[in-house]
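What you see is a predicted model, and the numbers here were worked out from it, not measured in a lab.
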Amino acid sequence: MGIFKKQPTAPQVDFTCLPRHIAIILDGNGRWAKQRGLPRTAGHGVGAETVRRIANYCKDIGIDYLTLYAFSTENWKRPDDEVSTLMTLFEQYVTESIGVIERDGIRMDFFGDLEGLSPKLQGMMDDARKKSAGHDGCQLNLCINYGGRDEILRAARRYAEEYRAGTAPELTEAVFSGYLYSAGIPDPDLIIRTSGEQRLSNFLPWQGAYSELYFTDVLWPDFSERDMDAAIAEFQRRDRRFGAISSK
Ligand code: IPE
Ligand code: IPE
Ligand code: MG
């Protein structure tokens with residue numbers, strides 16, 4: 001008698017009611033490399049490939065907004081060579097994206113304190129943003145030098161300036177949201193974090209107030225389209241109440 005290994009069942013995703021906005025804390029590149037006796041930077045290289053694959057997948061299945069946390073305001077604490085490898089990978093990714101923006105019809109935006117980045121990278125980001133502004137496909141938001149607290153402070157400072165100048169509108173949640181990097185974009189429905197860590201690490205504290213959180217042990221370089229399906233399927237089983245009572 002043969003031994004049959006049970007095939008994992010495909011996650012049951014309802015592609016007709018997908019989350020509009022998915023945000024991902026892509027984590028575990030360093031551990032992925034360490035497990036293979038490779039330098040951490042090798043993990044970031046493979047992680048960049050995963051970004052390409054997953055961004056394409058989200059575009060193809062019809063996700064409206066994908067927000068990726070790639071470098072935090074705290075990640076400058078890492079060794080110089082790791083930071084510079086990451087910056088080079090960002091430059092490569094943005095250059096490459098500019099080349100396919102027309103073909104793919106995507107919009108690109110960047111969340112974070114961009115002035116802390118090299119003028120070269122800032123220029124590329126500007127280019128990508130401008131070239132893609134008129135498109136109505138999936139919007140990819142890349143968070144680089146992003147910190148949620150920093151974002152809120154900046155928004156508060158900008159509002160305070162307008163207030164002093166007498167030009168500020170009355171402050172409401174909706175108005176304040178308009179001062180954040182994510183102005184005009186719906187809050188993330190689903191926030192995914194890879195690598196088994198169960199924390200937000202300063203990611204979207206305002207926008208994620210009612211996001212569904214999904215944690216997986218899969219390390220980011222290994223994260224597959226199937227893993228994305230599993231996250232979406234789990235999201236679709238959740239009962240989002242927003243403080244009210246169940247509608248299910
Ligand atoms: C995520 O992987 C990428 C960045 C935060 C830039 P890590 O580099 O944090 O990988 P681990 O957590 O050390 O495994
Ligand atoms: C969060 O990952 C930041 C990004 C994914 C860009 P970290 O690896 O920096 O977070 P901690 O240090 O484990 O909280
Ligand atoms: Mg990490």
**Prompt:** Do you reckon I98 sits in the same ILVMFWY cluster as L121, going by side-chain contacts under 4.5 Å, direct or chained?
**Reply:** yes
**Request:** Run the salt-bridge test on R52 and E49 with the 4.0 Å N-O cut-off and return the result as yes or no.
**Result:** yes
**Asked** Are the side chain of W220 and the backbone of G47 linked by a donor-acceptor contact shorter than 3.5 Å?
**Response** yes
**Prompt:** Do F90 and M125 come close enough that some side-chain heavy atom pair is under 4.5 Å?
**Reply:** no
**Message:** Checking the side chain of T194 only, and the main-chain atoms of D27 only, is there a donor and an acceptor separated by less than 3.5 Å?
**Reply:** yes
**Asked** Taking a hydrophobic cluster as the set of Ile, Leu, Val, Met, Phe, Trp and Tyr residues connected by side-chain heavy atoms closer than 4.5 Å, whether directly or through intermediates, do W32 and V51 fall within one such cluster?
**Response** no
**Message:** Nearest 0.5 Å, please: how far is CG in D150 from CG in N202?
**Reply:** 8.0 Å
**Message:** Assess whether a salt bridge exists between R238 and E234, defined as any Lys/Arg side-chain N lying under 4.0 Å from an Asp/Glu carboxylate O.
**Reply:** yes
**Message:** Just checking Y214 against F235, ring centres under 6.0 Å apart?
**Reply:** no
**Request:** Verify the distance criterion only: is there a donor paired with an acceptor across the side chains of Y65 and D109 at less than 3.5 Å?
**Result:** no
**Request:** Quick one: closest heavy-atom pair of P205 and G148, and the distance?
**Result:** CD-CA, 3.4 Å
**Prompt:** Quick one: does L140's side chain get under 4.5 Å of L68's, heavy atoms only?
**Reply:** yes
**Item:** side chain to side chain contact (heavy atoms under 4.5 Å, CB included) evaluation trace for I63 with Y57
**Value:** CA-CA 9 Å; I63 301 297; Y57 184 61; over 6 Å; no
**Request:** Report yes or no: does S211 contribute a side-chain atom to a donor-acceptor pair with the main-chain N or O of P188 at less than 3.5 Å?
**Result:** yes
**Request:** Check for a donor-acceptor pair, side chain of Q122 on one end and backbone N or O of L117 on the other, with a separation under 3.5 Å.
**Result:** yes
**Request:** Taking all heavy atoms of E91 and all of S118, pick out the closest pair and write down the distance.
**Result:** OE2-OG, 3.9 Å
**Complete:** Heavy atoms of I106 and S132 approach each other most closely as O-CB, 3.2 Å
**A168 backbone acceptor or donor facing Y163 side chain under 3.5 Å** = no
**Message:** How about CG on D14, more than 12 heavy atoms from neighbouring residues, nucleotides or ligands closer than 6.0 Å, or not?
**Reply:** yes
**Asked** Do R53 and N56 come close enough that some side-chain heavy atom pair is under 4.5 Å?
**Response** no
**Request:** For the residue pair W206 and S177, confirm or rule out a side-chain donor-acceptor distance under 3.5 Å.
**Result:** yes
**Item:** Step-by-step side chain to side chain contact (heavy atoms under 4.5 Å, CB included) determination, N75 to V83
**Value:** CA-CA 8 Å; N75 286 146; V83 169; over 6 Å; no
**Prompt:** Would I185 end up clustered with F110 when hydrophobic side chains under 4.5 Å apart are linked, directly or stepwise?
**Reply:** no
**Trace of the side chain to side chain contact (heavy atoms under 4.5 Å, CB included) decision for R157 with L153** = CA-CA 6 Å; R157 283 196 202 106; L153 268 187; 3.9 Å; yes
**Asked** Would you say the side chain of N145 lies within less than 4.5 Å of the side chain of W76, judging by non-hydrogen atoms?
**Response** yes
**Side chain proximity check, Q207 to T67, heavy atoms < 4.5 angstrom** = no
**Message:** Please find the pair of heavy atoms, one from R199 and one from I25, that lie closest to each other, and give the distance.
**Reply:** O-CD1, 4.0 Å
**Message:** Quick one: does any side-chain atom of H44 pair with a main-chain N or O of L86 as donor and acceptor, under 3.5 Å?
**Reply:** no
**Prompt:** When rounded to the nearest 0.5 angstrom, what distance separates OG1 in T216 from CD1 in I192?
**Reply:** 9.0 Å
**Message:** Could you measure the distance from the CG atom of L204 to the CD atom of E151? Nearest 0.5 Å is fine.
**Reply:** 7.0 Å
**Minimum heavy-atom distance I24-M228, with the two atoms named** = CD1-CE, 3.6 Å
**Request:** Check the pair I61 / I232 against side chain to side chain contact (heavy atoms under 4.5 Å, CB included), numbers first and verdict last.
**Result:** CA-CA 11 Å; I61 62 175; I232 296 173; 3.9 Å; yes
**Message:** So for atom CZ, which belongs to F176, do other residues, nucleotides or ligands contribute more than 12 heavy atoms lying within a distance under 6.0 Å?
**Reply:** yes
**Request:** Using atom types as modelled and distance alone, determine if a side-chain donor or acceptor of R31 lies under 3.5 Å from a backbone N or O of S195.
**Result:** yes
**same_hphob_cluster(I22, L200) at 4.5 Å side-chain heavy-atom cutoff** = no
**Asked** Looking just at side-chain N and O atoms, do D81 and S84 make a donor-acceptor pair shorter than 3.5 Å?
**Response** no
**Prompt:** Have D239 and S246 got a donor and an acceptor in their side chains that come within less than 3.5 Å?
**Reply:** yes
**Message:** Between R20 and D64, does any NZ, NE, NH1 or NH2 come within less than 4.0 Å of an OD or OE carboxylate oxygen?
**Reply:** yes
**Request:** Kindly say whether Y210 contributes a backbone atom to a donor-acceptor pair with the side chain of R240 at under 3.5 angstrom?
**Result:** yes
**Any donor-acceptor pair under 3.5 Å from Y69 side chain to S201 backbone** = yes
**Request:** Verify the cluster assignment for F203 and L219: are they in a single hydrophobic cluster under the rule of side-chain heavy atoms below 4.5 Å apart?
**Result:** no
**Asked** Does D187 reach the main-chain N or O of G208 with its side chain, forming a donor-acceptor pair under 3.5 Å?
**Response** no
**Prompt:** Roughly how far, to the nearest 0.5 Å, is CZ of R149 from CD1 of I152?
**Reply:** 8.5 Å
**Request:** Look up atom CE in M124 and atom CD in E96, then write down how far apart they are to the nearest 0.5 Å.
**Result:** 11.5 Å
**Message:** With a 4.5 Å cut-off on side-chain heavy atoms, are L18 and D189 touching?
**Reply:** no
**Asked** How long is the span from the CD1 atom in I54 to the CG atom in D227, to the nearest 0.5 Å?
**Response** 7.5 Å
**Asked** What's the shortest heavy-atom distance between Y179 and E162, and which atoms?
**Response** OH-OE1, 2.7 Å
